[in-house]
A.B. asks: 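Below you'll find the structure I mean.
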Amino acid sequence: MDAGPELISPKSPRVSAARRLAKRNFRGKERLFLAEGPQAVREAAAHEETLVELFATVDAAERYADIVGEARAAGARVHLADEDVVADISTTVTPQGLVGVCRFVDTPFEEILAARPKLVAVLAHVRDPGNAGTVLRCADAAGAEAVVLTDASVDLYNPKSVRASVGSLFHLPVAVGVPVEKAVQGLKDAGVRILAADGAGADDLDTELDKGTMGTPTAWVFGNEAWGLPEETRALADAVVRVPIHGRAESLNLATAAAVCLYASARAQRAAGGCRSVTSS
């Protein structure tokens, strides 16, 4: 492939600016974040007007020539860099040679409500960035139409969150910084039933499925990894539901529980009489 531009200097202002995006205050000020690895960079390039710059080692630029081409076609500046430069920008232990600088992609909460979503994941008190990104990925896989991160949850653009989403961050609308009361009330006003996922729930998921109530538009509210949802948040929901433990496991981790809940709703909504057709994607 064409060697492209000369290697960018590690002292370049562009390298320094990208490196600073590992810190939340700089991300918020610039409204830019880092996306690392071929999958995330490919998805960012496909997301309109999102990918601003791409730093690539010579080896990665050759190995992922198609992705570099997509980045250029999307209007991103491509910088070739030594491995130590890319490693200095990267936040991973073993960088994959591609680091993109992207514009924020979150969606105003009001736009999500206006679209009348039928399946939503609300991260109410999720503090671990890896869990947040994984729940986002699960929501995407289950066909959810939106994700909402409340103001008590982790930064969506934390590098660990972005990595854990494996590109799903670019696939569906995500609102950030919404107070949990506003999120719940707004979704209720939009005709969405609110289910709080909590191990102390009065009903279990099997019961909800047996009652045939899960085919309606639904938002699942997920809480903190260690202590679940506070009582005041549970009180906002139409029902508090626990995932049944049929074996001897003490509990499920947050992302696994979220996947179970979201897929249960997705299946119910696609069944006869649900709010989606069986053939909907």
A.B. asks: Between E36 (side chain) and T91 (backbone), is there a donor-acceptor pair under 3.5 Å?
C.D. replies: yes
A.B. asks: Does any part of the side chain of L32, heavy atoms only, come nearer than 4.5 Å to the side chain of Y157, both counted from C-beta?
C.D. replies: no
A.B. asks: Between atom CG of L254 and atom CG of N131, what is the distance when rounded to the nearest 0.5 Å?
C.D. replies: 5.0 Å
A.B. asks: Does E48 CD have over 12 foreign heavy atoms under 6.0 Å away?
C.D. replies: no
A.B. asks: Does any N or O in the side chain of E53 come within less than 3.5 Å of the main-chain N or O of V78, such that one atom is a donor and the other an acceptor?
C.D. replies: no
A.B. asks: Say whether V192 and V180 are linked into one hydrophobic cluster, either directly or through other cluster members, by side-chain heavy-atom distances under 4.5 angstrom.
C.D. replies: yes
A.B. asks: Does any non-hydrogen side-chain atom of K211 lie less than 4.5 Å from one of D203?
C.D. replies: yes
A.B. asks: Between R242 and A197 (side chain of the first, backbone of the second, donor and acceptor by atom type, cut-off under 3.5 Å), is there such a pair?
C.D. replies: no
A.B. asks: May I ask whether V174 and L123 are part of the same hydrophobic cluster, defined by side-chain heavy atoms of I, L, V, M, F, W, Y residues being less than 4.5 angstrom apart, directly or through others?
C.D. replies: yes
A.B. asks: Counting only heavy atoms not in R27, do more than 12 fall under 6.0 Å of its CZ?
C.D. replies: yes
A.B. asks: Could you go through the side-chain contact (heavy atoms from CB on, under 4.5 Å) check for V52 and E30 one step at a time?
C.D. replies: CA-CA 12 Å; V52 178; E30 302 296 333; over 6 Å; no
A.B. asks: Begin with the C-alpha distance, continue with both residues' side-chain angles, and end with the deciding distance and a verdict on side-chain contact (heavy atoms from CB on, under 4.5 Å) for L156 and L136.
C.D. replies: CA-CA 10 Å; L156 171 66; L136 177 54; 4.1 Å; yes
A.B. asks: Is any side-chain heavy atom of D210 less than 4.5 Å from a side-chain heavy atom of T207?
C.D. replies: no
A.B. asks: So, for L54 and A71, which heavy atoms are closest and what is the spacing to 0.1 Å?
C.D. replies: CD2-CB, 3.8 Å
A.B. asks: Would a 4.5 Å heavy-atom cut-off, applied to side chains only, mark L252 and I245 as touching?
C.D. replies: yes
A.B. asks: Which distance, rounded to the nearest 0.5 Å, do you find between the CG of D198 and the CG of N224?
C.D. replies: 11.0 Å
A.B. asks: Are any non-hydrogen side-chain atoms of L187 and V122 less than 4.5 angstrom apart?
C.D. replies: yes
A.B. asks: Under 3.5 Å, side chain of S265 to main-chain N/O of L262, donor-acceptor pair present?
C.D. replies: no
A.B. asks: Run the salt-bridge test on K182 and E110 with the 4.0 Å N-O cut-off and return the result as yes or no.
C.D. replies: yes
A.B. asks: May I ask you to decide if E49's main-chain N or O and R103's side chain share a donor-acceptor pair within less than 3.5 Å?
C.D. replies: yes
A.B. asks: When rounded to the nearest 0.5 angstrom, what distance separates CG in D238 from OG1 in T218?
C.D. replies: 9.0 Å
A.B. asks: Is there a donor-acceptor pair under 3.5 Å between the side chain of Y263 and the backbone N or O of A141?
C.D. replies: yes
A.B. asks: Taking the side chain as C-beta and beyond, is there a heavy-atom pair between D106 and R31 under 4.5 Å?
C.D. replies: yes
A.B. asks: For L7 and V58: C-alpha separation, side-chain torsions, deciding distance, then whether side-chain contact (heavy atoms from CB on, under 4.5 Å) applies.
C.D. replies: CA-CA 9 Å; L7 295 178; V58 173; 3.8 Å; yes
A.B. asks: To check you understand the geometry: which heavy-atom pair defines the closest contact between M214 and A268, and what is its length?
C.D. replies: O-CB, 3.5 Å
A.B. asks: side-chain contact (heavy atoms from CB on, under 4.5 Å) between R77 and V101: does it pass, once the steps are laid out?
C.D. replies: CA-CA 10 Å; R77 269 174 159 179; V101 175; over 6 Å; no
A.B. asks: Within the supplied structure, the quantity of interest is the number of heavy atoms (other residues, nucleotides, ligands) at a distance under 6.0 Å from K188 NZ; does it exceed 12?
C.D. replies: yes
A.B. asks: Are V241 and C261 close enough that some pair of their side-chain heavy atoms sits under 4.5 Å apart?
C.D. replies: no
A.B. asks: Assigning hydrophobic clusters by single linkage (Ile, Leu, Val, Met, Phe, Trp, Tyr; side-chain heavy-atom cutoff under 4.5 Å), is L229 placed with V135?
C.D. replies: no
A.B. asks: Can you get from V120 to V154 by hopping between Ile, Leu, Val, Met, Phe, Trp and Tyr side chains that sit under 4.5 Å apart?
C.D. replies: no
A.B. asks: Identify the two heavy atoms, one from G37 and one from Q96, that lie closest to each other, and give their separation to 0.1 Å.
C.D. replies: CA-OE1, 3.5 Å
A.B. asks: If I take atom CG from residue L34 and atom CZ from residue R19, how far apart are they, to the nearest 0.5 angstrom?
C.D. replies: 11.0 Å
A.B. asks: For V126, does its backbone N or O pair with a side-chain atom of S153 as donor and acceptor, under 3.5 Å?
C.D. replies: yes
A.B. asks: Keeping the roles fixed (side chain from E145, backbone from K118), state whether a donor-acceptor pair exists under 3.5 Å.
C.D. replies: yes
A.B. asks: Give me the atom names and distance for the closest heavy-atom approach of V86 to A56.
C.D. replies: CG2-C, 4.1 Å
A.B. asks: Test your reading of the model: is there a side-chain donor-acceptor pair from S168 to the backbone of H171, 3.5 Å cut-off?
C.D. replies: no
A.B. asks: With a 4.5 Å heavy-atom cut-off, do S9 and V15 have their side chains touching?
C.D. replies: no
A.B. asks: Can you measure from OG1 (T57) to CG (L80) and round to the nearest 0.5 angstrom?
C.D. replies: 8.5 Å
A.B. asks: Might you point out which heavy atoms bring V41 and G100 nearest each other, and give the distance in Å?
C.D. replies: CG2-N, 4.0 Å
A.B. asks: Using 30° and 60° as the class boundaries, would you call the ring planes of W227 and H125 parallel, tilted or perpendicular?
C.D. replies: tilted
A.B. asks: Of all the heavy-atom pairs spanning A45 and L51, show the shortest one and how long it is.
C.D. replies: CB-CD2, 4.0 Å
A.B. asks: When rounded to the nearest 0.5 angstrom, what is the spacing between OG in S90 and CG in D84?
C.D. replies: 12.5 Å
A.B. asks: Mind checking whether F170 and F33 have parallel, tilted or perpendicular rings, split at 30° and 60°?
C.D. replies: parallel
A.B. asks: Do L113 and L236 belong together in a cluster built from hydrophobic side chains that touch within less than 4.5 Å?
C.D. replies: yes
